[in-house]
Amino acid sequence: MPPVINNRGELLDYLKHRRPLTDCNQSLGMLLLESGDISLEQLQQALTHQHSHPSRARLGQTLIELGMLSRERLSQTLAEQLGIPHISLEQFDLDPACTRLLPESLARHYQVVSLLLDGERLVVATTDPTDQDLQHLLGFATGKTIELVQARASEIEQAINRTFANSTVEDLPENETGEVPLSVDEMKLLAEDRPTVRFVDNLLEEAISRRASDIHLRPGEHDVSVLLRVDGRLQELRRIKRGHLSAIVSRIKIIGGMNIAEHRLPQDGRHMVRTAERSIDLRLSIMPTVHGESVVIRVLDTSQSLKGLDQIGFNAQDVARFRNLISHNQGIILVTGPTGSGKSTTLYAALNSIKATGVNIITVEDPVEYQIDGIRQIQVKPQIGYTFARALRHILRHDPDVIMVGEVRDQETALMATESALTGHLVLSTLHTNSAATTVTRLLEIGIAPYLLNASLLGVLAQRLVRRNCPHCLKQELVPGHVRQALGLTADERFYVGSGCSRCHGSGVVGRVAAYELLEVTPALRVLIEPSVSAQKIEQQAIADGMRPLTQSALQLARETTVSLAEVYRVRLE
């Protein structure tokens with residue numbers, strides 16, 4: 001088994017004292033069989049497929065195309081057999097002079113990073129160290145003898161971002177005029193300066209690779225903080241000089257289609273980035289503050305957020321209950337929770353499920369976050385009077401079976417949605433309420449007549465997103481007494497939390513999962529819907545009908561070590 005190498009010293013020592021590479025006359029098929037990556041049946045199937053498709057001569061590629069083997073696992077098996085070392089790039093001491101031997105465009109396109117220059121030999125990390133075509137291409141580009149070693153794809157991408165982002169910061173143009181405003185021409189020159197373009201591009205690349213939902217540029221009195229929101233938590237990425245801010249903001253305004261000369265008023269823009277096979281939608285917002293213009297970029301990754309109902313985090317029983325609700329041909333289903341609780345993700349998952357049944361779906365949103373093939377999506381424009389309620393009136397003439405309203409914000413929209421449900425449409429929407437039970441009382445308070453709500457409401461899903469523990473660094477959680485008391489737990493029950501490791505960037509969490517409560521409007525519950533009903537009565541009846549409260553849902557996740565108890569305490573409902 002080849003070693004795992006963590007720094008340049010270990011790598012240089014390995015190259016000097018390594019044994020000759022393993023003789024690999026053994027066939028690839030036998031190597032994969034011995035490693036347990038494929039079965040004999042799969043090998044025979046792949047060989048049969050290979051013979052019937054002569055143009056696909058390589059067995060490894062055939063196995064990948066048939067879904068029997070991942071590309072990463074194939075290269076890893078070959079690397080192990082050939083004695084090629086694996087590089088851990090998390091703490092690797094990259095040499096900027098060495099990494100810049102490969103042009104940034106080449107490093108990003110082929111996902112490679114140079115690690116060590118030993119005489120005329122350049123050691124380069126890649127996911128597939130057996131790719132001879134790549135080896136020859138890099139040799140031609142650098143004029144060096146290339147030796148390939150292996151590293152994880154995610155670590156290579158982060159190393160590239162770290163390398164070129166740091167080098168770009170050093171080259172950023174600085175506003176030498178201090179507080180004196182720049183002319184439009186000067187701002188354009190700063191925005192189009194190559195280091196500025198590279199800094200903004202690298203920042204976007206890094207945010208996407210780290211699954212960030214937002215990018216913040218926060219100006220202070222002395223410097224500017226660059227932060228990423230990952231899994232709902234803000235993390236500082238780096239700090240830059242205040243003098244660099246003008247160039248960066250000007251660049252962001254240009255790509256977002258904003259007025260580069262406007263510094264006194266807030267501005268919003270939008271930009272689409274295509275990377276690999278993904279389309280990333282960026283929502284840009286710029287707001288003037290006392291220390292300069294503050295920037296927030298919302299990163300909407302369609303491939304990350306368009307999930308199936310089975311991927312939201314529901315248990316099997318609740319998936320079946322929710323599928324039953326959305327199978328109705330009329331009625332209202334509401335998803336509730338605060339901003340950032342995953343309501344849109346759940347609605348899009350429901351629409352994807354409904355779309356397969358061949359119905360006519362129209363959405364009214366503000367904004368349209370993710371575009372879905374086969375669904376007509378409408379963007380409302382309140383500034384010209386094109387509101388949710390007005391859009392609803394028009395789309396009813398387009399013969400929809402299912403209508404998704406981005407948010408019920410007022411009585412008019414709520415009434416239109418209710419009436420649409422009563423006239424034979426399935427309506428999905430969101431509402432800002434704390435729990436499923438308070439949603440019913442909130443609709444009554446808005447002014448929806450009890451008899452309308454009684455006849456139209458099918459169910460309410462209230463949810464929160466809780467941070468998932470990193471499974472690689474779990475440790476027992478120290479739980480304060482008041483937390484146990486608030487949640488009704490005994491002192492001997494154990495819970496676990498992520499302590500932070502290289503795989504989770506020291507955060508202790510990897511991704512998020514939904515904690516939720518699903519209220520179905522049963523005949524017994526319909527009887528309670530009247531002007532004077534309390535949320536407590538609604539909740540008691542819903543629990544009697546089979547609803548598991550949100551706090552208990554989160555607590556179950558903690559008992560399964562999926563989340564920490566601190567997360568349960570954070571999202572609990574009283």
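Just so we're clear, the structure is a prediction, and the values are computed from it rather than from any experiment. The analysis underlying the following values was restricted to heavy atoms, covering all of them including side chains, and did not include hydrogens, waters or symmetry mates.
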S.K.: More than 12 heavy atoms of other residues, nucleotides or ligands under 6.0 Å from CD of Gln536: is that the case?
M.R.: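 Counting other residues, nucleotides and ligands, CD of Gln536 stays at 12 neighbours or fewer.
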S.K.: Mind running salt bridge (charged side-chain N to carboxylate O under 4.0 Å, His left out) on Glu520 and Arg321 for me, showing each step along the way?
M.R.: CA-CA 8 Å; Glu520 287 186 86; Arg321 291 172 66 206; 2.8 Å; yes
S.K.: Rounded to the nearest 0.5 Å, what separates atom OG1 in Thr430 from atom CZ in Arg409?
M.R.: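 The CZ atom of Arg409 is 8.5 Å from OG1 of Thr430, to the nearest 0.5 Å.
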S.K.: Just one of Gln552, Glu560, Arg559 clears the side-chain hydrogen bond (donor to acceptor under 3.5 Å, both in side chains) bar with Gln556, so which one?
M.R.: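 With Gln556 as partner, side-chain hydrogen bond (donor to acceptor under 3.5 Å, both in side chains) holds for just one option, Glu560.
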S.K.: I'd like to know whether NZ of Lys355 has more than 12 heavy-atom contacts from other residues, nucleotides or ligands below 6.0 angstrom.
M.R.: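 Correct, the count exceeds 12.
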S.K.: Is it the case that the side chains of Thr433 and Thr439 hold a donor-acceptor pair, with the cut-off being a distance below 3.5 Å and no angle test?
M.R.: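 Present: a donor and an acceptor within the cut-off.
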S.K.: With side chains defined as the heavy atoms from C-beta onward, is the minimum distance between Leu300 and Arg283 less than 4.5 Å?
M.R.: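 Counting from C-beta outward, Leu300 and Arg283 do come under 4.5 Å.
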S.K.: Side-chain donor-acceptor pair under 3.5 Å between Gln267 and Asn259, yes or no?
M.R.: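 There is no such pair between these side chains.
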S.K.: Does the side chain of Leu457 reach to within under 4.5 Å of the side chain of Leu334, using non-hydrogen atoms?
M.R.: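 They are in contact (side-chain heavy atoms under 4.5 Å apart), so the answer is yes.
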S.K.: Would you mind reporting whether Leu396 and His425 have side-chain heavy atoms less than 4.5 Å apart?
M.R.: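 Yes, close enough: below the 4.5 Å cut-off.
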S.K.: When you check the gap from the basic side-chain N to the acidic O, do Arg393 and Glu412 get nearer than 4.0 Å?
M.R.: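 Here Arg393 pairs with Glu412 in a salt bridge, since their nearest N and O are under 4.0 Å apart.
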S.K.: Any side-chain heavy atom of Leu234 sitting closer than 4.5 Å to one from Asp214?
M.R.: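 Leu234 does not reach Asp214 side chain to side chain.
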S.K.: Measure the spacing between CD1 of Ile362 and CD1 of Ile378 and express it to the nearest 0.5 Å.
M.R.: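 One finds 6.0 Å between CD1 of Ile362 and CD1 of Ile378.
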S.K.: Taking Asn360's backbone N and O only, do any of them form a donor-acceptor pair with Asp401's side chain (distance below 3.5 Å, no angle check)?
M.R.: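 The answer is yes, because a donor-acceptor pair under 3.5 Å joins these two groups.
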S.K.: Within the 4.5 Å heavy-atom criterion, are Leu428 and Tyr348 side-chain neighbours or not?
M.R.: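 A side-chain contact is absent here, since even the closest heavy-atom pair is not under 4.5 Å.
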S.K.: Going by distance alone, is a donor N or O of one side chain under 3.5 Å from an acceptor N or O of the other, for Thr438 and Thr441?
M.R.: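 Per modelled atom types, Thr438 and Thr441 side chains form no pair under 3.5 Å.
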S.K.: Of all the heavy-atom pairs spanning Asn469 and Thr561, show the shortest one and how long it is.
M.R.: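 Nearest pair, atom of Asn469 first, then Thr561: ND2-O, 3.2 Å.
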S.K.: Nearest 0.5 Å please: distance from the NE2 atom of His291 over to the CZ atom of Arg242.
M.R.: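 The distance works out to 6.5 Å.
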S.K.: Do Leu461 and Phe314 have side chains that approach each other closer than 4.5 Å (heavy atoms only, starting at C-beta)?
M.R.: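 Side-chain contact under 4.5 Å: yes.
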S.K.: On a heavy-atom basis, which atom in Val335 and which in Lys343 lie closest, and how many Å separate them?
M.R.: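 Distance-wise, the nearest heavy atoms are O-CD, 3.6 Å.
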S.K.: Answer with yes or no whether the side chains of Gln541 and Asp545 bring together a donor and an acceptor at under 3.5 Å.
M.R.: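 Per modelled atom types, Asp545 and Gln541 side chains form a pair under 3.5 Å.
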S.K.: When rounded to the nearest 0.5 angstrom, what is the spacing between OG1 in Thr387 and CG in Leu392?
M.R.: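 Thr387 OG1 to Leu392 CG: 8.5 Å, rounded to 0.5 Å.
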S.K.: Is a donor from one side chain sitting under 3.5 angstrom from an acceptor on the other, for Ser429 and Glu407?
M.R.: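 There is no such pair (donor and acceptor under 3.5 Å, judged by atom type) between the side chains of Ser429 and Glu407.
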S.K.: How many angstroms lie between OG in Ser341 and CZ in Arg512, if you round to the nearest 0.5 Å?
M.R.: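 Ser341 atom OG to Arg512 atom CZ measures 9.5 Å (nearest 0.5 Å).
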S.K.: How about Arg442: does its CZ atom have over 12 heavy atoms from other parts shown lying under 6.0 Å from it?
M.R.: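 Result for CZ/Arg442: open.
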S.K.: Quick one: which residue pairs count as a side chain to side chain donor-acceptor pair (under 3.5 Å) with a foot in residues 476-489, not counting sequence neighbours?
M.R.: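 Residue pairs passing side chain to side chain donor-acceptor pair (under 3.5 Å), neighbours aside: none found.
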S.K.: Under the salt bridge (charged side-chain N to carboxylate O under 4.0 Å, His left out) criterion, do Glu262 and Arg264 qualify, and how do the steps go?
M.R.: CA-CA 6 Å; Glu262 179 58 71; Arg264 299 168 301 171; 3.7 Å; yes
S.K.: Is there a donor-acceptor pair closer than 3.5 Å between any side-chain N or O of Glu365 and the backbone N or O of Val405?
M.R.: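 Side chain of Glu365 to backbone of Val405, a donor-acceptor pair under 3.5 Å: no, none is there.
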S.K.: Measuring from atom OG of Ser285 to atom CE of Met258, what distance do you get when rounded to the nearest 0.5 angstrom?
M.R.: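 So the OG of Ser285 and the CE of Met258 are separated by 7.5 Å.
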S.K.: Ignoring hydrogens and geometry, is there a side-chain-to-backbone donor-acceptor pair from Asn434 to Leu573 under 3.5 Å?
M.R.: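 Side chain of Asn434 to backbone of Leu573: no pair is present.
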S.K.: Any chance CG of Leu478 has more than 12 other-residue heavy atoms, nucleotides or ligands included, within less than 6.0 Å?
M.R.: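 No - once you tally the heavy atoms of other residues, nucleotides and ligands closer than 6.0 Å, there are 12 at most.
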S.K.: Tell me whether Ser553 contacts the main-chain N or O of Pro549 through its side chain, where contact means a donor paired with an acceptor under 3.5 Å.
M.R.: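 Side chain of Ser553 to backbone of Pro549: no pair is present.
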S.K.: Hey, mind stepping through Val466 and Val513 against side chain to side chain contact (heavy atoms under 4.5 Å, CB included) and telling me if it holds?
M.R.: CA-CA 6 Å; Val466 285; Val513 63; 3.7 Å; yes
